[in-house]
Amino acid sequence: MHPDPLIQRQINKRLTLNLLIQGFAVYAGSTAHRLVRRELEHISPGITRRFNRLTAGIDLTQHVGSNFLLQQSQRSFWRSTRRTTHPFYSNALLRGCGPELRAAERRRVKRASWRTALPPWLVVSEIGAFWRLGRTVWAERTHHDRLAETARLATHRVWGIDPDLLIAEYAFEPEIDGVREPETWQGRLMRHSGVGWSGVVRLPDGRLGVHARAWTWPLLVHELIKGVAELVCLHGLNRLDDQVYTAVIAAVDHIEHEIWMMQAGPELVRRLIALVEPDPPPAIYLMEIAKLEPDRLEDLMLAVVDAPDRARRLLAELVAHHTAPLDDTVGLG
């Protein structure tokens, strides 16, 4: 807990936004290849089936994988959220609903794994996922430029963002400059073993955009979608002074937290999407959510989980008067 209550409220808000950012990346990234199926099949027939199997395997490793070797048992982590020493203790959403969201997402991922012939068992899932990753990397090796363009197109179809504001690159050392050094050995190991990375960058024309690098197409799209979500959520941070912003980011943005956010976030996003209308698009909802004061954000997200009818009404009120063009919404106009 931070000694300054105002900063602590912003820390709690950032935790919730990070949960949404990671949730959108998994939720939309795992099916993004279907949005550009025609373009992908034109590049390499059968590649969308390969991507479907790979994303199922990657999702499974978040829940039935070896991350506990780096940190701790998943069940132990989520059961201990009510301890005052837990990193998510101060956030009512993660403390009260995180275990439920994680359990629901875990059940969904395990069901999906059977459909792609990858049993949800620790050793089998790890070997299967890495085998699929290696085969996909090999299959893509001669198509990087065209596939990168298609990744930008898929992200455009998810968020409505101008593809010219996205930088997509294949790289086996995907880390982007300017990353904060992790404080733990687990974080340093996770950082140097990363297979994808993304960040908000200033483009040559002065606009903000997203730069993503990854080993393979599904990871590249995942990082692009996550980067755009991060960009949209900057609307929730751009009013903070530099001192508060620095304190919030230092307290919250840790690579060690990403795996936990990826376990619970997709189910929260899935429930959120079920409550919103198709118009306006998701980017507008996310922007308005990010602009909420910490207490209102907490109230809304708790309602999404426990009181969906009330949450539906709150979400409708949130975007009722939104008139800005989509490009302005994501801060890229």
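Owing to the predicted nature of the structure, the values given are computational and were not obtained by experimental measurement.
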Peer 1: Who are the side-chain hydrogen bond (donor to acceptor under 3.5 Å, both in side chains) partners of Arg310, not counting sequence neighbours?
Peer 2: Asp299
Peer 1: Who are the side-chain contact (heavy atoms from CB on, under 4.5 Å) partners of Arg83, not counting sequence neighbours?
Peer 2: Ser80, Thr85
Peer 1: Which distance, rounded to the nearest 0.5 Å, do you find between the OG1 of Thr150 and the CG of Leu220?
Peer 2: 10.5 Å
Peer 1: Can you sort out the partners of Asn91 under side-chain hydrogen bond (donor to acceptor under 3.5 Å, both in side chains), two or more places apart, ordered by chain and number?
Peer 2: Thr16
Peer 1: Please confirm whether the backbone N or O of Thr81 pairs with a side-chain atom of Arg95, one donor and one acceptor, at under 3.5 Å?
Peer 2: no
Peer 1: Report the distance from atom CG of Asn18 to atom NZ of Lys226, rounding to the nearest 0.5 Å.
Peer 2: 10.0 Å
Peer 1: Excluding sequence neighbours, so at least two apart, what forms side-chain contact (heavy atoms from CB on, under 4.5 Å) with Arg202?
Peer 2: Leu208
Peer 1: Sorted by first residue and then second, give each salt bridge (charged side-chain N to carboxylate O under 4.0 Å, His left out) pair with at least one member in residues 268-282; sequence neighbours left out.
Peer 2: Glu100-Arg271, Glu105-Arg270, Glu267-Arg270, Glu267-Arg271
Peer 1: What's the spacing between Leu275 CG and Tyr285 OH if we round to 0.5 Å?
Peer 2: 9.5 Å
Peer 1: Just how far is it from atom OG of Ser90 to atom CD1 of Ile11, taken to the nearest 0.5 Å?
Peer 2: 7.0 Å
Peer 1: Could you check whether Trp159 and Phe24 have their ring centres less than 6.0 Å apart?
Peer 2: yes
Peer 1: With His143, which residues qualify under ring pair (Phe, Tyr, Trp, His ring centres under 6.0 Å), at least two apart?
Peer 2: none
Peer 1: Measure centre to centre between the rings of Phe77 and Trp260, then say whether the value is under 6.0 Å.
Peer 2: yes
Peer 1: Verify the neighbour count for atom CG of Asp241: are there more than 12 heavy atoms of other residues, nucleotides or ligands below 6.0 Å?
Peer 2: yes
Peer 1: Do any N or O atoms from the side chain of His33 and from the backbone of Gly29 form a donor-acceptor pair under 3.5 angstrom?
Peer 2: no
Peer 1: What residues, two or more places apart in sequence or in another chain, satisfy side-chain contact (heavy atoms from CB on, under 4.5 Å) together with Ile58?
Peer 2: Leu54, Gln62, Leu219
Peer 1: Taking salt bridge (charged side-chain N to carboxylate O under 4.0 Å, His left out) as the cut-off, I'd like each qualifying pair that reaches into residues 14-36, sequence neighbours left out, listed once.
Peer 2: Arg14-Glu230, Arg14-Asp253
Peer 1: What pairs with Glu317 under side-chain contact (heavy atoms from CB on, under 4.5 Å), at least two apart in sequence or on another chain?
Peer 2: Arg313, Leu314
Peer 1: Not counting sequence neighbours, which residues clear ring pair (Phe, Tyr, Trp, His ring centres under 6.0 Å) with Tyr27? List them please.
Peer 2: none
Peer 1: If only atom types and distance count, is the side chain of Ser44 paired as donor or acceptor with the main-chain N or O of Leu40 below 3.5 Å?
Peer 2: no
Peer 1: With Arg141 as the cation and Trp138 as the aromatic partner, state whether NZ or CZ is under 6.0 Å from the six-membered ring centre and within 45° of the axis.
Peer 2: yes
Peer 1: Excluding sequence neighbours, so at least two apart, what forms side-chain hydrogen bond (donor to acceptor under 3.5 Å, both in side chains) with Arg37?
Peer 2: Thr48
Peer 1: Output all residues satisfying side-chain hydrogen bond (donor to acceptor under 3.5 Å, both in side chains) with Lys13, sequence neighbours left out; order by chain, then residue number.
Peer 2: none
Peer 1: With distance as the sole test, does Trp215 use its side chain to make a donor-acceptor pair with the main-chain N or O of Gly196 at under 3.5 Å?
Peer 2: no
Peer 1: Under 6.0 Å from the CG atom of Asp205, do we count more than 12 heavy atoms belonging to anything else shown?
Peer 2: yes
Peer 1: Using only heavy-atom distances, determine whether the side chains of His235 and Glu288 contain a donor-acceptor pair under 3.5 Å.
Peer 2: no
Peer 1: So, Asp4 versus Gln8: side-chain donor-acceptor pair below 3.5 Å or not?
Peer 2: no
Peer 1: Salt bridge (charged side-chain N to carboxylate O under 4.0 Å, His left out) between Arg146 and Glu149: does it pass, once the steps are laid out?
Peer 2: CA-CA 5 Å; Arg146 296 171 68 191; Glu149 290 299 312; over 6 Å; no
